[in-house]
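Each chain gets a letter, A, B and so on, in the order the sequences are listed, and its residues count up from 1.
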There are 2 protein chains.
Amino acid sequence: MVRLADVARAAGVSTSTASRALSRPDMVAAETRERVAKAAAEMGFTLNATARALTTGHTGLVGVIVPTLANPFFPPIVTGVQESLAETGGNVLLGVSDRSEERERELAAQLGSRVDGLVLVAPVSGDATLHELAERLPVVTVDRTTPGLPGVVVDTPGGVRELMAHLLGLGHRHIAYLGGPPGSWMDRQRTRAARKAVEDGGGELTVLDPVPPQVDAGLAAAEHLVRRAERVTAVMAYSSYVLLGLLMGLRGAGLRVPEDISLAASDDLTVIGMTQPGTTALHVPLQEAGAAACRLVREAPHTGERPPRVRVPTRLVVRGSTAPPPEKR
Amino acid sequence: MVRLADVARAAGVSTSTASRALSRPDMVAAETRERVAKAAAEMGFTLNATARALTTGHTGLVGVIVPTLANPFFPPIVTGVQESLAETGGNVLLGVSDRSEERERELAAQLGSRVDGLVLVAPVSGDATLHELAERLPVVTVDRTTPGLPGVVVDTPGGVRELMAHLLGLGHRHIAYLGGPPGSWMDRQRTRAARKAVEDGGGELTVLDPVPPQVDAGLAAAEHLVRRAERVTAVMAYSSYVLLGLLMGLRGAGLRVPEDISLAASDDLTVIGMTQPGTTALHVPLQEAGAAACRLVREAPHTGERPPRVRVPTRLVVRGSTAPPPEKR
DNA sequence: CTGAAAGCGCTAACAC
DNA sequence: GTGTTAGCGCTTTCAG
């Protein structure tokens, strides 16, 4: 392994000068700088990030803890953090909690001493635990807020309202919400927003049992809807996968979309590369949310009363899967 | 920040003893060990991973560089590495190359000095570049092999052969392969295996233009197939997303699956949570591949002529989307 | 603009 | 079993 000292010797300068030449080029004479750079290049030298971190006190790493990578919702967030970090040469230290509170704590503890800050995506730990963590290092939550801590949330409630307004505007009065994942914080937000929007609009919302974000779940729900002969004329699914299942299931049962029933998703179908059978959906800028979280975590320690909050707006994309209900046609 | 020295003082021992008590419990008297543990707990102390890494020479981190997280193929591999690593308290340092060779090198260089080894998933860099890297630290490739370097490959060719044998066995003679992503190493493997299998079996393989792994691509291909009135009676798509698009597109055009045309995928549909409309597919143990890569990278430096290779077998799952061709019924 | 010296927090011989 | 003494490779005052 070649050390900075080796490069320094080869360039005929002290290690301090070599260090400066490499890390703070402007603090060194142009000629010296070049000599060092040349020596370093020739010897295939790279500054040892670990040693650097030990002296400077920061690692250039940001820890990102996600519940899982299997749900397509999360990878874009990680990508967002990574991209934002890449601008300054930083990297993402990843943790997958599997939605286990214990694992989440464990990961946080492990990552804690090797990162400059932690981005917790949809954390399952309690507020108190998160606060403890935040005392040791900068912490930002994504897709959940905790009193007193900085956070980034996608404005899904706002988007849901917008989506519901769209459906109501088309004339729908009996709308169903197929939500999930079971027990999630975000799902409660969505449900509440949906209910309020629909009821305020003079409609009636049927909240179906929450399901996991899978095509099969949508398929099953479609069957359920058809069998129970629900009077609903429109369904909002929380996940594209679920929507896809719904679409296939309803069509399979002989229902036409949107003639017989309208369908919409409260997340982004493009994650699965589907834009074609024109599906009305909420575009959710997950990557931006990740980038925003990264920015927050690297800002000054938010030791204030009013922690910064970023609310990332969604965008309603209206396509062919929504239309006026049958009786209105 | 509390340091080990602080804990040691509180426990009335030297730092070395405190260090041992925490890192190598069996080298210390039970009573001492407990005293140190207690002090550490009370003070909320955690060993500083950076300092530790500097002295021991290893970080407990493994770098994983993937082309993207948007393709559902890759996240499971990352998860596999992470899980395998978690057994020993390690973590994953993530890099997303965006399929850019330059970015890949850059990331490798950045991560190089902070990890114990590097897992390169479907790397785009040339063999020479990879070898250079491998001289500096343990490197394992996944989903691609490079002469002289350890690697993990999913035995997709084997799986493709099996899948084709299944189709041929059903009586299909005109089979199409819808592959991609364009230009990928793995796609060439698949195409070659498919062609050989089909031709050896007395059939004819139509290789369609490679497409990105998206539902829309399948939809477009379906249209294409129908319009061109291909005589094919079975289609193998390389991606579940593509298959899904194909399924929807063909059904939309009035074709029945599998009565009129059989469909199969050379990757795993369960990634999108779809098992219901029974789709014949190759189960690809991506997570295991990641875990295997992790194991390889942590083994002794493979400075040998014959680098270890792991071939992860796929498993053909036959479901309802494949049946004998129309004329055979 | 450059060099010397003092650590960052921890582990690892090496004695006792 | 435990303490002492050196560093790991780098950055950073502090002088010059």
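With sequence neighbours excluded, the residues satisfying side-chain contact (heavy atoms from CB on, under 4.5 Å) with B:Arg309 are B:Thr145, B:Pro307. Evaluation of the salt bridge (Lys or Arg N to Asp or Glu O under 4.0 Å) rule for A:Arg3 yields A:Asp6 as partners, not counting sequence neighbours. Scanning for salt bridge (Lys or Arg N to Asp or Glu O under 4.0 Å) contacts around B:Arg311 gives B:Asp155, with sequence neighbours left out. Applying the side-chain contact (heavy atoms from CB on, under 4.5 Å) rule to B:Ala8 yields the partners B:Val13, B:Thr15, B:Ala18; only residues at least two apart in sequence or on another chain are considered. With sequence neighbours left out, the side-chain hydrogen bond (donor to acceptor under 3.5 Å, both in side chains) criterion links A:Ser14 to A:Ser16, A:Thr17. The salt bridge (Lys or Arg N to Asp or Glu O under 4.0 Å) search around B:Asp116 returns none, not counting sequence neighbours.
Residue B:Thr32 is in sugar-phosphate contact alone, with no base atom involved, counting any heavy-atom pair closer than 4.0 Å across all strands shown.
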Show which side-chain atoms of residues 89-100 of chain A pair as donor or acceptor with protein atoms under 3.5 Å away, not counting sequence neighbours.
{"residue": "A:Asn91", "atom": "ND2", "partner": "B:Gln110", "partner atom": "OE1", "Å": "3.4"}
{"residue": "A:Ser97", "atom": "OG", "partner": "A:Arg99", "partner atom": "N", "Å": "3.1"}
{"residue": "A:Ser100", "atom": "OG", "partner": "A:Glu102", "partner atom": "N", "Å": "3.3"}
{"residue": "A:Ser100", "atom": "OG", "partner": "A:Arg103", "partner atom": "N", "Å": "2.9"}

Quick one: side chains of residues 61-81 of chain A, donor-acceptor pairs under 3.5 Å with protein atoms, not counting sequence neighbours, listed by atom name and distance.
{"residue": "A:Thr68", "atom": "OG1", "partner": "A:Ala70", "partner atom": "N", "Å": "2.7"}
{"residue": "A:Asn71", "atom": "OD1", "partner": "A:Phe73", "partner atom": "N", "Å": "3.0"}
{"residue": "A:Thr79", "atom": "OG1", "partner": "A:Pro75", "partner atom": "O", "Å": "3.0"}

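Over its full length, the helix from C:dC1-D:dG16 to C:dC16-D:dG1 turns its helical axis through 30°, comparing axes from the five pairs at each end and rounding to 10°.
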Discussion item. Across nucleotides 10-16 of chain D, 5' to 3', mark each nucleotide with B, S or - according to how protein heavy atoms within less than 4.0 Å reach it.
Written reply: BBBB---
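The side-chain hydrogen bond (donor to acceptor under 3.5 Å, both in side chains) contacts involving residues 118-129 of chain A comprise A:Glu104-A:Ser125, A:Asp127-A:Arg144, A:Asp127-A:Thr146, where partners must be two or more places apart or lie in separate chains.
Nucleotide D:dC8 holds its C1' atom 14 Å from the CG atom of A:Asp6, rounded to whole Å.
In summary, contact between chain A and DNA chain C, defined as any nucleotide atom under 4.0 Å from a heavy atom of the protein, begins and ends at C:dC1 to C:dG9 in the 5' to 3' direction.
A:Arg298 and A:Ser84 share no side-chain donor-acceptor pair at under 3.5 Å.
In terms of position on DNA chain D, the residue among B:Leu54 and B:Arg33 whose nearest nucleotide sits closer to the 5' end is B:Arg33.
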